[in-house]
Every structure is written in structure tokens, then in C-alpha cells.
Q: 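Once you've had a glance at the structure underneath, I'll fire off some questions.
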Amino acid sequence: QLKVTRRWQWMMCDTRSPKMLECVTVYVSLPSVAISGAAPTPSWSSPRNLADFRTETKTRLQRRTFTSGLFTATNDFRSRFLNRPSTKRAFSRTVSQFIFASATTSSNELDQSLKRLDLLAASDKYEEFVETLNVMKEKGLISRWSSYPAISSRPVSLRELSNVGIIKPEKLAGSVTEQRDAFFAYMIAVSALSVLATYLPGQWGYFVPYLAGGTVLVAVGVGSTNPGLLQKPVSMFSRLNPKYKERLLKHEAGHFLAGYMLGIPVQAYSLKPDDVAVQFWQQDDLLRATPPITRTQLDRHAVVALAGIAAEGLQFDEARGGVADLTYHRQLVLNTSPRLSVDEQSNQTRWAVRTAAELIKRNVSEFNALWKTMSEGATIAECIRAIEFPRPS
């Protein structure tokens, strides 16, 4: 639309390119032409820069409609002239070429940068990986990296977890149902094995049933003293359920999205049956950091560590991957200075889950695009692309 005022303004938006989602505004203040807007400014081939765009636009308008004398015409004549359809079409063609030239260059640069991220992740080059992401954001190629507002822990109650969308906050620490079903299945298997073993020849018919029964006692003892050790075999049993894969994907996507938006990059992730996890750069170093991490660092990493629990809590009645996450969070807390009291630790856990749930709800389209992309075994760069440019569901 061409708006005739003291300075004539015409705005054009194009959404066909993922990098040119914002409007480009052309200001016309005869005899000069200038351009401004929120779009990125890469080194496009034609026009090469804003000065060339200004000159080219002026020349094209002169060819189609202007004469040299018009530049000294009265404001009334300029107003009538700028409202002509031919003038608007001239502007439209020129700005369209400008948009597509810059969009093509931005797309190529984005692809090259994403390929570089995959190479750096495979080469274990953390500093260069983060620097590449920062440069991409400065150029306008990406926008969601390290974009979440600053966070700081505060008192949070279980009611607030319900208000933010957690279905059953009291079941975020782990699934008793899952462990119970796994134990019953194990008991049935051991009982069947013991019965069949009685038909073995010789002493084997006595030894094998006693051995099988002894493993049950070992499982009960481990579960009573350190239940975290049973989490992996229990999870492997749960994967026999076809719907469990989606739960795992959403859990890991919660970690990935929270880390990316809080400026904590992911180096790799795995969805193998015996190893389902998102691996962040230098995540284990935080547990041995000297001096200990600060409370500000704890807040950011706690949200990332418990984002998987939050993702499950928003979708399901209980969080089945909560034991490992809570264990890691506990280790982070123990390596924090100043130390947190018992009440502060409990509150910090609730606050981190609430913040992570709020982050996921604010970016639900990015979250859905991410876990679906992860389900296809995509690379880190492809996952980043899914976050930055989520496809409509």
C-alpha cells in the first residue's frame, strides 16, 4: 500500500522464503529512494547493496514514468503521480527482485552454516560450534538460539505446576506403574524358567531354579537400596510398548529445545534401544567444575535437565524418564556454590520443571516439529532447522 504523506511509504511482505518473513519497507522521499526494515542484509549479487538498490529503483522509475522535470514538480503533482497504478507496479517489481535476491543468498548461507555445525559437532569443537551459532544469529539466519528471556528461580508450589499444564505433578519423580509392571513380568518369566528347568538332567534341574530365584532377591535388594540402577532395564522392557517411543521422543525433544533456547547447545543425541539420551557439550564437566557452578548457572542447566520431565508431564499422567534426570539435577545442586538448603533444593526442582513447561508451551510448534524430526534420525543441523523453521502440522 502506498501512503502519501510528507514522506511516501510503501510496504511489501513476502513469506515464500523462510528467511524473509518480515516486511521490507520502502520510503520514497523524492528525488531519493531508500530502504529500511528488519530483514537481514547479506551480500546479495543483484542489487549488491542499498546504494545500488536506490540507484536502480530511481532509474527504473525514470524509465517507466519519470522525466527529469518531475523531480522539481509540486507536492500535489507528486502525490497524484505516486498513486498511479504504473508507479506501484514499478515499485512492486523492483522490491520483489530485491527480496528474492536477498532470500536466495540467505538460504544458501544458512545451508552452508548448518553443514558446518554438523562437522563441528562430529569434531568435538565446542568453541567453534557456539561461535558459528552466534554468528548465524547476528546475520539473521536464525533467531531462536539463546533467545529465551533471562530466568531466575523463585518459590513455586505444586499448584503452580498444575496451572502451567502439568497433568499430575505428584508423579513427575518416576513411574511406579512402570516399575511394578516390569517386576511382575520379570517374576512371571523367572517362574516359567524355574518350572522348565526342573526337567533338565542331573543337578541342573536343581541348580537353575535356585539361581533364577536368587536373581529375584538381587533385584529386590537393588530396588530397595538404589532404584536408579534398575531404570535402564525397566525402560528397555517398556519399549516393547509401541506408544512408548513417542514418549521417549517428546522427553528428549524437551531437553533439546530447552537447551537450544537457553544457549546450551546439543552435541549429539541417541535413540538406540539401549541408549536414549541427548548429549550436551561439556555436561559432565559441570559436575566436576572447580570452582563450583553459580546459582545462575544452576538455574539454566536445571531447566534443561528437567525439561524432559516437563515435556512428559504436559502430555502424560506420569513421567517415566524422571529418575535419571532428577539424579543429574541432584548432582548439579551438590556442586553449586553457595549450597542450597533442603527446602531450597525441593523448590528449585519445582521451579525448573515449571519454567521448562512454560518454555515448551510457548514454543509448541517448534517442539512438535523437533520431536517429529528426531523420530526420522535427523542430524543436529536438521533438528536446528526444524526449531528455527517449524513446518505446519
Side-chain angles (χ1 to χ4, degrees), residues 121 124 126-127 129-131 133-134 144-156 161 164 166 172-174 228 250-270 276-314 319 321-363 366-367 370 380 383-384 387:
D124 198 20
Y126 170 72
E127 291 79 8
F129 188 93
V130 174
E131 180 62 23
L133 286 173
N134 291 334
R144 292 173 173 85
W145 159 249
S146 191
S147 61
Y148 204 71
I151 56 177
S152 179
S153 60
R154 63 172 180 81
V156 171
L161 295 181
V164 82
I166 300 297
L172 293 178
K250 291 183 177 181
H251 181 104
E252 303 305 329
H255 290 303
F256 197 126
L257 179 65
Y260 184 78
M261 299 198 69
L262 288 172
I264 303 173
V266 173
Q267 182 179 10
Y269 73 92
S270 173
V276 180
V278 170
Q279 178 184 349
F280 290 91
W281 292 86
Q282 303 177 339
Q283 64 179 15
D284 292 334
D285 295 342
L286 295 172
L287 306 180
R288 303 182 298 269
T290 304
I293 62 176
T294 64
R295 290 201 177 185
T296 301
Q297 291 175 300
L298 174 64
D299 288 344
R300 292 173 61 242
H301 288 278
V303 171
V304 176
L306 301 181
I309 294 178
E312 286 195 63
L314 291 170
V323 175
D325 292 346
L326 289 170
T327 300
Y328 179 75
H329 174 253
R330 170 68 175 169
Q331 294 172 335
L332 285 176
V333 170
L334 293 177
N335 195 39
T336 301
S337 179
R339 298 294 292 269
L340 278 69
S341 65
V342 175
D343 291 339
E344 288 176 328
Q345 293 177 26
S346 299
N347 179 77
Q348 218 267 348
T349 302
R350 293 191 296 269
W351 169 84
V353 172
R354 183 196 181 282
T355 304
E358 188 176 31
L359 183 151
I360 293 172
K361 290 185 66 177
R362 287 185 179 181
N363 301 275
E366 290 82 356
F367 174 75
L370 176 59
I380 295 298
C383 290
I384 292 176
I387 296 174

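Count residues from 1 along the sequence.
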Q: Out of curiosity, Phe280 CZ to Phe256 CZ, how far, rounded to the nearest 0.5 Å?
A: 8.0 Å

Q: I need the Leu332 CG to Arg300 CZ distance, nearest 0.5 Å.
A: 12.0 Å

Q: Tyr260: which residues meet the ring pair (Phe, Tyr, Trp, His ring centres under 6.0 Å) condition with it, sequence neighbours left out?
A: Trp145

Q: Quick one: are Thr294 and Thr336 in side-chain contact, heavy atoms under 4.5 Å?
A: no

Q: Tell me, please, which residues at least two apart from Asp285 pass salt bridge (Lys or Arg N to Asp or Glu O under 4.0 Å).
A: Arg288

Q: Give every residue pair that meets the salt bridge (charged side-chain N to carboxylate O under 4.0 Å, His left out) criterion with at least one member in residues 331-354, sequence neighbours excluded.
A: Glu160-Arg354, Arg295-Glu344, Arg354-Glu358

Q: Can you see which heavy atom on Pro265 is nearest to which on Gly263, and at what distance?
A: CD-O, 3.6 Å

Q: Who passes ring pair (Phe, Tyr, Trp, His ring centres under 6.0 Å) against His251, sequence neighbours left out?
A: His255

Q: Evaluate the criterion side chain to side chain contact (heavy atoms under 4.5 Å, CB included) for residue pair Asn335 and Leu286; output intermediate values, then yes/no.
A: CA-CA 8 Å; Asn335 195 39; Leu286 295 172; 5.8 Å; no

Q: Give, for atom CZ of Phe367 and atom NZ of Lys361, the distance between the pair rounded to the nearest 0.5 Å.
A: 13.0 Å

Q: Would a 4.5 Å heavy-atom cut-off, applied to side chains only, mark Ile151 and Leu359 as touching?
A: no

Q: Distance check, rounded to the nearest 0.5 Å: Leu340 atom CG versus Leu334 atom CG?
A: 9.5 Å

Q: Looking only at heavy atoms, which two atoms of Ala307 and Ala356 are closest? And how far apart?
A: CA-CB, 3.6 Å

Q: Partners of Arg330 by salt bridge (Lys or Arg N to Asp or Glu O under 4.0 Å), sequence neighbours excluded?
A: none

Q: Looking only at heavy atoms, what is the nearest atom pair of Val333 and Gln345, with distance?
A: CG1-CG, 3.5 Å

Q: Side-chain contact, heavy-atom cut-off 4.5 Å: Cys383 with Leu370?
A: yes

Q: If only atom types and distance count, is the side chain of Gln279 paired as donor or acceptor with the main-chain N or O of Gln267 below 3.5 Å?
A: no

Q: So do Tyr328 and Val304 actually touch side chain to side chain, heavy atoms under 4.5 Å?
A: no

Q: Without swapping roles, check the side chain of Glu312 against the backbone of Ile309 for a donor-acceptor pair under 3.5 Å.
A: no

Q: Donor-acceptor check, side chain of Asp299 to backbone of Ser152, threshold 3.5 angstrom: yes or no?
A: no

Q: Name all pairs fulfilling the ring pair (Phe, Tyr, Trp, His ring centres under 6.0 Å) condition that reach into residues 281-308, sequence neighbours left out, sorted by first residue then second.
A: Tyr126-Trp281, Phe129-Trp281

Q: Quick check for you: to the nearest 0.5 Å, what is the distance between Ser147 atom OG and Asn363 atom CG?
A: 7.0 Å

Q: Taking Leu172 as the fixed residue, which of Leu306, Thr349, Val353, Asp325 is the one that meets the side-chain contact (heavy atoms from CB on, under 4.5 Å) rule?
A: Val353

Q: Indicate the atoms forming the closest heavy-atom contact of Trp351 with Arg154, along with that distance.
A: CD1-N, 3.6 Å

